[in-house]
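Report on the following structure.
The sequence lines fix the lettering, A, B, ..., with proteins before strands; numbering per chain opens at 1.
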Amino acid sequence: MKAVYFASVRERIGLTEEEISPPAGVATVAELIGWLSARGEGYAAAFANAATIRAAIDRNHARPDSPIRAAREIAFFPPMTGG
Amino acid sequence: MKAVYFASVRERIGLTEEEISPPAGVATVAELIGWLSARGEGYAAAFANAATIRAAIDRNHARPDSPIRAAREIAFFPPMTGG
Amino acid sequence: MVAPTVRLCAGPFDAAREEALLLQGRTDIGALVCFTGLCRDEAGTLAALELEHYPGMAESEIAAIAADALTRWPLQGLTVLHRYGLIRPGEKIVLVAAAARHRGEAFAAAEFLMDYLKTRAPFWKKEHRADGREGGWVEAKASDDAAAERWQE
Amino acid sequence: MVAPTVRLCAGPFDAAREEALLLQGRTDIGALVCFTGLCRDEAGTLAALELEHYPGMAESEIAAIAADALTRWPLQGLTVLHRYGLIRPGEKIVLVAAAARHRGEAFAAAEFLMDYLKTRAPFWKKEHRADGREGGWVEAKASDDAAAERWQE
């Protein structure tokens with residue numbers, strides 16, 4: 001699946017997007033954040049305050065317990081500040 | 001003092017304004033409405049539903065018990081429908 | 001202290017121009033709320049509205065309502081225009097434009113202005129019917145009184 | 001059913017033109033509420049805002065919020081424009097224009113749109129400081145979350 005990053009998450013990870021292949025045990029958004037956090041310092045910093053990080057699955061808002069296995073694109077970003 | 005009339009009050013009385021000289025016993029807006037109502041059929045019709053009629057004294061909103069003796073101009077009109 | 005723009009208009013006004021004037025040269029405004037009230041044709045039955053007003057009091061009452069709004073919210077600009085005379089369907093009757101740093105203040109001030117204009121500004125609407133029959137005076141709405149009352153402490 | 005106009009803009013937009021388009025040829029609209037959000041210079045400390053967005057989701061999320069508003073209020077027209085990219089102080093960031101027969105519906109719909117845009121549309125603001133120092137990401141406000149929550153049953 002494709003992971004895409006925005007704003008401070010993008011800056012800390014240093015990528016706008018990447019292909020990821022989490023193992024079968026990683027089933028939810030929260031679990032995927034945990035798995036990504038272990039990939040390196042930038043990831044750990046991006047997700048340090050995991051409770052504030054929002055996610056979208058295939059461009060729809062998702063929750064920490066949303067299942068990710070069918071996702072083609074999963075996005076991570078801080079709380080939105082548009083408008 | 002000058003009495004001025006607007007909208008349905010003006011139409012029923014048939015005047016836009018007139019000089020009036022109510023007797024000394026007529027001290028409030030409500031008493032003036034009572035006194036005017038006795039001046040003829042048009043006045044009686046204009047003030048028939050006295051509870052709905054609004055008044056302004058010298059271009060400020062007044063109440064039924066507002067004193068009228070110092071007024072230069074007193075206006076009568078139905079509830080406003082601007083905006 | 002902000003000086004509000006208050007104007008009665010005998011003919012059509014240019015709302016876009018008023019909004020542009022409020023913002024012109026400003027880099028401190030975060031939110032602009034503009035309310036425009038328009039004449040509806042009531043499914044084709046209305047030919048025009050005739051707006052009668054109390055000259056002198058209409059201006060001073062709108063100015064008083066605008067001044068009241070400025071004590072309630074920290075506005076950066078405020079414009080109120082109100083037509084009188086004959087108004088055709090599709091034409092604008094009233095414009096309230098409120099500028100502030102944040103949207104909550106601008107929305108609240110614009111709604112307050114409209115609720116108070118409806119119930120306190122001395123204007124009366126008479127209908128001219130499309131079929132030529134005598135139209136009546138528009139009745140005041142209890143819902144407008146209720147809307148105005150929510151601003152009272 | 002009304003088809004809302006939703007558009008992302010890479011450069012400045014003409015709010016007056018959008019408002020005129022909403023009203024053009026209409027004699028059934030009684031109330032138009034337009035909200036404009038603008039870039040403030042924060043007392044001269046801000047050189048620009050950079051608005052990052054999630055292409056694809058930004059459009060679909062605004063369209064979903066607009067569709068939600070149309071189920072809540074009987075609107076006669078609805079336009080939402082949102083800028084992205086670099087925005088200078090004094091420039092417009094967002095326009096919400098809601099047309100309805102009565103003012104209560106138009107005001108409510110415009111406030112709802114703004115509250116939901118603030119908390120659900122995928123945009124993020126980064127500050128470019130006037131003194132050349134690195135600016136930060138604008139923090140989300142708890143007050144915006146609270147504003148959005150009041151629309152939930």
Side-chain angles (χ1 to χ4, degrees), chain B residues 1-20 28-30 32-33 36-37 41-83, chain C residues 8-9 35-39 49-65 68 80-85 87 92-96 110-127 134-148:
Chain B
M1 69 186 65
K2 185 162 83 171
V4 296
Y5 309 119
F6 292 99
S8 55
V9 174
R10 171 180 57 71
E11 287 186 337
R12 284 174 185 150
I13 292 175
L15 293 170
T16 59
E17 59 177 71
E18 63 181 322
E19 278 297 317
I20 56 171
T28 66
V29 165
L32 182 57
I33 286 178
L36 284 167
S37 297
E41 224 173 87
Y43 292 90
F47 296 115
N49 201 348
T52 70
I53 297 301
R54 311 294 178 91
I57 294 174
D58 294 329
R59 303 183 178 179
N60 291 300
H61 288 293
R63 298 187 313 174
D65 62 355
S66 296
I68 62 161
R69 300 313 308 185
R72 290 183 306 273
E73 179 173 301
I74 182 159
F76 295 99
F77 42 79
M80 289 140 285
T81 55
Chain C
L8 297 195
C9 308
F35 175 85
T36 308
L38 301 116
C39 177
L49 281 177
E50 188 164 352
L51 254 95
E52 181 168 338
H53 75 297
Y54 186 172
M57 183 173 169
E59 295 89 327
S60 66
E61 195 63 29
I62 295 175
I65 296 166
D68 188 350
V80 184
L81 305 189
H82 205 301
R83 285 271 307 263
Y84 62 90
I87 299 175
K92 292 165 183 164
I93 301 170
V94 60
L95 172 73
V96 169
E111 284 206 76
F112 167 84
L113 256 296
M114 282 309 305
D115 289 345
Y116 266 49
L117 281 180
K118 286 261 177 194
T119 53
R120 295 188 60 86
F123 292 88
W124 302 271
K125 292 191 181 101
K126 186 166 199 173
E127 296 185 335
E134 171 82 7
W137 293 95
V138 172
E139 295 266 338
K141 285 190 248 173
S143 60
D144 285 331
D145 288 330

- Message: Can you confirm whether or not the ring centre of B/Y43 sits under 6.0 Å from the ring centre of B/F47?
- Response: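 Ring centroids of B/Y43 and B/F47 are no less than 6.0 Å from each other.
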- Task: Could you check which of C/K118, C/E50, C/M114 has the highest count of heavy-atom pairs closer than 4.5 Å to chain B?
- Result: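 Of the options given, most contacts go to C/K118.
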- Pick from C/R83, C/K125, C/H82 with the largest number of heavy-atom pairs that fall under 4.5 Å of chain B: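 Maximum pair count with chain B is reached by C/K125.
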- Item | Proximal component of C/R120, with respect to chain B [non-hydrogen, under 4.5 Å] |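 For C/R120, the contact with chain B is made by backbone and side chain together.
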- Check each atom of C/K126 against the heavy atoms of chain B and say whether the ones under 4.5 Å are side chain, backbone, both or neither.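 Looking at C/K126, just its side chain touches chain B.
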- Query: What are the two closest non-hydrogen atoms of B/D65 and B/T28, and how far apart are they?
  - Reply: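 Smallest heavy-atom distance, with atoms named: O-CG2, 3.9 Å.
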- Item | Heavy-atom pair of closest approach, residues B/A46 and B/I53 |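 For B/A46 versus B/I53, the nearest heavy atoms are O-CD1, 3.6 Å.
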- Message: I'd like to know if B/R59 pairs up with B/E73 as an ion pair, taking the criterion as any Lys NZ or Arg NE/NH1/NH2 lying under 4.0 Å from an Asp or Glu carboxylate oxygen.
- Response: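 Result for this pair is yes, salt bridge flagged.
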- Query: Can C/E52 and B/R10 be counted as an ion pair, charged N to O under 4.0 angstrom?
  - Reply: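 The answer is yes: the pair qualifies as a salt bridge.
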Acceptor/donor pairs from residues 136-147 of chain C side chains to any protein atom, 3.5 angstrom cut, sequence neighbours excluded:
| from | atom 1 | to | atom 2 | distance (Å) |
| --- | --- | --- | --- | --- |
| C/W137 | NE1 | B/E11 | OE1 | 2.8 |
| C/D144 | OD1 | D/R103 | NH1 | 2.9 |
| C/D144 | OD1 | D/R103 | NH2 | 3.2 |

- Message: Ring-plane angle category for B/F77 and B/H61, please: parallel below 30°, perpendicular beyond 60°, tilted otherwise.
- Response: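 Perpendicular: the ring planes of B/F77 and B/H61 meet at over 60°.
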- Message: Using side-chain heavy atoms (C-beta onward) and a distance below 4.5 Å, is B/V29 in contact with B/I74?
- Response: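 SC-SC contact between B/V29 and B/I74 confirmed.
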- Is there any residue in residues 58-65 of chain C with a non-hydrogen atom under 4.5 Å from a non-hydrogen atom of chain B, and which ones are they?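 The residues closer than 4.5 Å to chain B, in numerical order, are C/S60, C/E61.
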